[in-house]
Amino acid sequence: MLSREKLVDLFQELKDRDVLSVYVDADEHDPAKRDAWRIRLEGDVAQLLGANRGWVVFATPERIWHTGPVPAHMPHLVRWQRGLHVAPYLRALKQERPVTVVLVDGRRARVFEQVEGGITELEGIVADRSLGDLTDVGMRKSSARASGVRGETSTDQAHRFLEVATERMHKYLGELLEQRAGQDGIVVVGGTPESVKRLVGLL
């Protein structure tokens, strides 16, 4: 399948030429109509379709500029016009973009990727929440003239430790999502409101 950049280059090159654009719908689910598309097009194109959901051809009187399968549903369409007819191809490019889905809370994140209808779980990310020994041993006690304890309690220290671990997890997750999505990918974020807000802020 052409990349967006190659499609743009081809569109620019042929914008002043008469071009035959052909899209074939090979995604028929009615058994009675499964071979109906063969009636609409001649044998060579029918043989090339194979197991693909669609096929595209761009041609001028002198040559075929591009022919190949596409993994998305295509309309039956033939256009003879000035320049490429690219609208169906652009829709197919959008369907090919990866969709990354993340479910996150303060302790854990699950990351999924959807491409061409298939969903795969990439990796589970867990915040490092092992607290170790957080007793009050390290706290500084006041002089004998005053009562009470100064400094950070073990509860405060544990809370701060967990907050740091969660922050690290969100930062790593943000970097992972940016890498997976790139410039054209889609990211869907779900989870607890606080974690979603924090992650979206990082993105």
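The chain is numbered in sequence order, starting from 1.
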Handout entry: Criterion side chain to side chain donor-acceptor pair (under 3.5 Å) on S21 and W80, from CA distance to verdict
Key = CA-CA 7 Å; S21 301; W80 180 251; over 6 Å; no
Completion exercise
Minimal heavy-atom distance between A109 and M169, with the atoms involved, is N-SD, 4.2 Å
Practice task
Give the cluster check for L203 versus V104: same hydrophobic cluster or not, with ILVMFWY residues linked at side-chain heavy-atom distances below 4.5 Å.
Solution key: yes
Practice task
Decide side-chain contact (heavy atoms from CB on, under 4.5 Å) for E121 and R110; before the verdict, give the C-alpha distance in whole Å, the side-chain angles of both, and the deciding distance to 0.1 Å.
Solution key: CA-CA 7 Å; E121 185 167 6; R110 298 181 69 191; 3.0 Å; yes
Problem - Check: F112 and T100 side chains under 4.5 Å, non-hydrogen atoms - result: no
Problem - Heavy-atom closest contact (R198 atom, E163 atom, distance) - result: NH2-OE2, 2.7 Å
Fill in the blank from the handout: Heavy-atom closest pair (L177 atom, L199 atom, distance to 0.1 Å) is CD1-CD2, 4.0 Å
Practice task
Quick one: pull up OG1 in T192 and CZ in R107 and give me the separation to the nearest 0.5 Å.
Solution key: 11.0 Å
Fill in the blank from the handout: When rounded to the nearest 0.5 Å, the distance separating OH of Y89 from CE of M1 is 4.5 Å
Handout entry: same_hphob_cluster(L77, L84) at 4.5 Å side-chain heavy-atom cutoff
Key = yes
Exercise for the section: Begin with the C-alpha distance, continue with both residues' side-chain angles, and end with the deciding distance and a verdict on side-chain contact (heavy atoms from CB on, under 4.5 Å) for L173 and V111. Expected result: CA-CA 9 Å; L173 186 57; V111 182; 3.7 Å; yes
Handout entry: Spacing of Y23 atom OH and F58 atom CZ [to the nearest 0.5 Å]
Key = 3.5 Å
Fill in the blank from the handout: dist E62:CD -> D18:CG (nearest 0.5 Å) comes out at 9.0 Å
Handout entry: Same cluster (ILVMFWY, side-chain, under 4.5 Å), L90 and V70
Key = yes
Fill in the blank from the handout: Taken to the nearest 0.5 Å, the spacing of L2 CG from D9 CG works out to 10.0 Å
Handout entry: Enclosure of E194 CD (heavy-atom neighbours >12, cutoff 6.0 Å)
Key = no
Practice task
Nearest 0.5 Å please: distance from the CG atom of L202 over to the OH atom of Y172.
Solution key: 14.5 Å
